[in-house]
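Take this structure first; my questions come after.
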Protein chains: 2
Amino acid sequence: MSQHSGSAPAQAEERSGPKTERGRRTLRRLLDAAGEEFGARGYHETAISNITQRAGVGLGTFYVYFKSKEEVFRALVADMGARTRHALSESVKDAPNRLEAERLGIRAYLEFVRTHKSLYRVVMEAQFVAPEAYRDYYRVFSEAYRQQLRQAAARGEVSSGDDDVRVWALMGASTFLGLKFGVWEDGADVGAVSEAAADLMINGLAPRLKE
Amino acid sequence: MSQHSGSAPAQAEERSGPKTERGRRTLRRLLDAAGEEFGARGYHETAISNITQRAGVGLGTFYVYFKSKEEVFRALVADMGARTRHALSESVKDAPNRLEAERLGIRAYLEFVRTHKSLYRVVMEAQFVAPEAYRDYYRVFSEAYRQQLRQAAARGEVSSGDDDVRVWALMGASTFLGLKFGVWEDGADVGAVSEAAADLMINGLAPRLKE
DNA sequence: GCGGAACCTGAATGTTGACTCATGTTTCAA
DNA sequence: TTGAAACATGAGTCAACATTCAGGTTCCGC
């Protein structure tokens, strides 16, 4: 919601960011280190000292940039949301119609998850660590998605239905596929998985009519 | 996986359960209390003393029945798995075909989530607290589900496709719908939601042919 | 080459909470 | 009735951090 759903950095609730180049560099290193540590060990298993060590700064430095452990975490979730939205809208922007956009979207999503495993885990864990941030993440997504579906239905590109329900079902499908084939089985063929998934989303389970 | 995927109680890795009636009663109270506390506050916010207080027993008693905090948690996940499977197979057992079974299943699932919110949260948090238990939960589900789809495809009741992908997409859809309409918006009309969801799963997004 | 703003530091503090254990109490078979 | 197995207890132990703070260091305009 609110202010900075803009683009990339998202150092969030920081009192008006670093003033110098040195400061910006340190902030970036802390954010990166936090993403990797939280992603690898999880929120509760990660100590601030793990983050500062990985970032190569002193323990106290962390609190120059963040008010608390939870604050970095929230900043990371917001950052991940912005990045995911960006990757998806890029991948879909040339789609000739909505069904094709679904195809492209699911594929891009799987690839994105695979190349951002750590941050993906952070987002999922946010459900328990920062529920507000988690709900925002999906709320923003679902609102954009729902609007796409509504417009596509008006154009006759998709059937009409309860878009709120559809959007959540589709987000859930993508999320689980991301977990299973993007994180757990990262050797799986992304192309094949996304084709199969898109086919299900577009045509459903019903047997094909013989024409 | 392993041993006790049997039926209901699942006091799990306990050294050969309680011997007396008194003991069984205490164990049950501890499990129930743990489910409620973990469900309400989450794993890390819940102290063993919260559980024992709710159960009305002394702190030390907890360790008569469980080796650790994590062990109760795992027992609860396993218990929830067994109960969910039971509820679903019951709801679906009279379905005339697979598409109808999908309809009934999604509805039963939403209702089950709504009446077991606490344990539902426990299962989701298991992804971070007891990853092994979480994967088992979905692995068992997906294997049964996949077999159902395969058999239904052989009967011509559903189209054929990559069942591994389909199953995970469908489980993801149900899970998200459970979260959104079962936990977050527990006032929503379950009947309407499950109809819309089943329609999407069965027919997909593609526009209906005019016949 | 000074003064202060921005930045950096890590030892010390304080809290929290899982788990232990020495000591009871209850149950019940013999 | 008795002894021991099963069960119950909660004060005390102990390690693990998150966060603070008092005192540096670096940078830069003047």
Side-chain angles (χ1 to χ4, degrees), chain A residues 9 11-34 37-38 40-76 122 125 128-130, chain B residues 9 11-38 40-76 122 125 128-130:
Chain A
Q11 84 279 53
E13 21 243 281
E14 190 53 23
R15 284 281 150 259
S16 68
K19 294 287 183 290
T20 71
E21 184 49 35
R22 176 157 74 130
R24 276 186 290 279
R25 207 165 43 233
T26 303
L27 174 59
R28 172 60 29 214
R29 308 186 75 188
L30 280 169
L31 277 171
D32 290 347
E37 289 292 323
F38 284 146
R41 319 152 98 74
Y43 181 81
H44 295 281
E45 302 307 308
T46 298
I48 303 298
S49 62
N50 295 147
I51 296 172
T52 53
Q53 262 161 31
R54 183 186 283 254
V57 302
L59 173 54
T61 304
F62 179 89
Y63 292 92
V64 172
Y65 293 91
F66 301 100
K67 276 207 289 293
S68 69
K69 185 180 180 181
E70 237 187 85
E71 191 183 284
V72 225
F73 193 84
R74 271 186 260 115
L76 288 171
V122 166
E125 194 168 14
F128 306 99
V129 173
Chain B
Q11 86 278 51
E13 21 245 281
E14 189 53 21
R15 284 283 148 257
S16 69
K19 295 286 185 291
T20 72
E21 185 49 34
R22 178 160 72 131
R24 277 186 289 277
R25 207 164 43 234
T26 304
L27 174 59
R28 173 55 38 211
R29 309 185 73 183
L30 280 170
L31 276 172
D32 289 347
E36 282 160 37
E37 290 291 323
F38 283 146
R41 320 152 99 72
Y43 181 80
H44 295 280
E45 302 307 306
T46 298
I48 303 296
S49 63
N50 295 146
I51 296 173
T52 54
Q53 264 161 31
R54 183 185 284 253
V57 303
L59 172 55
T61 304
F62 178 88
Y63 292 92
V64 172
Y65 293 90
F66 301 98
K67 275 205 291 293
S68 68
K69 185 179 181 184
E70 238 187 83
E71 190 183 285
V72 224
F73 193 84
R74 270 185 260 117
L76 287 171
V122 166
E125 195 168 13
F128 306 99
V129 173

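Every chain is numbered from 1, with letters handed out A, B, ... down the list of sequences. All values below come from the heavy atoms of this structure, side chains included, with hydrogens, waters and symmetry mates left out.
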Query raised in the report: Counting any heavy atom closer than 4.0 Å, what does A:S49 reach on the DNA or RNA strands: base, sugar-phosphate only, or nothing?
Result: nothing
**Report entry** Selection from C:dC7, D:dT9, C:dC8 that lies nearest to any side-chain heavy atom of B:T61
**Finding:** D:dT9
Query raised in the report: Going through the checks in order, is the side-chain contact (heavy atoms from CB on, under 4.5 Å) test met by B:L31 and B:F66?
Result: CA-CA 10 Å; B:L31 276 172; B:F66 301 98; 3.9 Å; yes
Report summary line: Whole-Å distance, A:E45 CD to D:dA18 P, equals 11 Å
Requested in this report: With rounding to the nearest 0.5 Å, note down the distance linking CZ in A:R29 to OH in A:Y65.
Outcome: 11.0 Å
**Report entry** Options D:dA8, D:dT26, C:dG17, nucleotide nearest the side-chain atoms of A:R22
**Finding:** D:dT26
Report task. Determine whether A:L30 and A:V57 make a side-chain contact, defined as any pair of heavy atoms from C-beta on separated by less than 4.5 Å. Result -> yes
Query raised in the report: Which residues in residues 51-60 of chain B have at least one heavy atom lying under 4.0 Å from any atom of DNA chain D?
Result: B:V57, B:G58, B:L59, B:G60
Query raised in the report: Atom CD of A:E21 and atom C1' of C:dC7: how far apart are they, to the nearest Å?
Result: 14 Å
Query raised in the report: Going by an N to O cut-off under 4.0 Å, is there a salt bridge joining A:E21 and A:R24?
Result: yes
Query raised in the report: Given C:dC8, is OP1 or OP2 found less than 4.0 Å from the side-chain N or O atoms of A:T26?
Result: yes
Query raised in the report: Rounded to the nearest 0.5 Å, what separation is found between the OG1 atom of B:T46 and the CZ atom of B:R54?
Result: 9.5 Å
Query - A:F73 CZ - D:dA18 C1' separation (whole Å) - result: 16 Å
Query raised in the report: In whole angstroms, how far is the C1' atom of D:dA11 from the CD1 atom of B:I48?
Result: 17 Å
Report summary line: note: A:F62, atom CZ; D:dA18, atom P; distance rounded to Å ~ 9 Å
Report task. Please report, rounded to the nearest Å, how far the P atom of C:dC7 is from the CZ atom of A:R29. Result -> 15 Å
Query raised in the report: Between D:dC17 atom C1' and A:E70 atom CD, what is the distance in whole Å?
Result: 15 Å
Query raised in the report: If you measure from CZ on A:R41 to CD1 on A:I51, what distance do you get to the nearest 0.5 Å?
Result: 10.0 Å
Report task. Rounded to 10°, tell me the angle between the two end axes of the helix from C:dG1-D:dC30 to C:dA30-D:dT1, each built from five pairs. Result -> 10°
Query raised in the report: Can you tell me how far CG of B:L27 sits from OG1 of B:T61, rounded to the nearest 0.5 angstrom?
Result: 12.0 Å
Query raised in the report: Starting at CZ of B:R24 and ending at P of C:dT27, how long is that distance when rounded to a whole Å?
Result: 14 Å
Report summary line: So CZ of B:F62 and NZ of B:K67: to nearest 0.5 Å the spacing works out to 11.5 Å
Requested in this report: Please determine if a side-chain N or O atom of A:K69 lies less than 4.0 Å away from the OP1 or OP2 oxygen of D:dA18.
Outcome: yes
Query raised in the report: For A:Y43, what residues pass the ring-ring contact (aromatic ring centres under 6.0 Å, His included) criterion, not counting sequence neighbours?
Result: A:F38, A:F73
**Report entry** Selected nucleotide, minimal atom distance to A:T20 side chain, candidates C:dC8, D:dA6, C:dA6
**Finding:** C:dA6
Report summary line: Considering only heavy side-chain atoms of A:Y63, the closest of C:dC19, C:dA18, D:dT20 is D:dT20
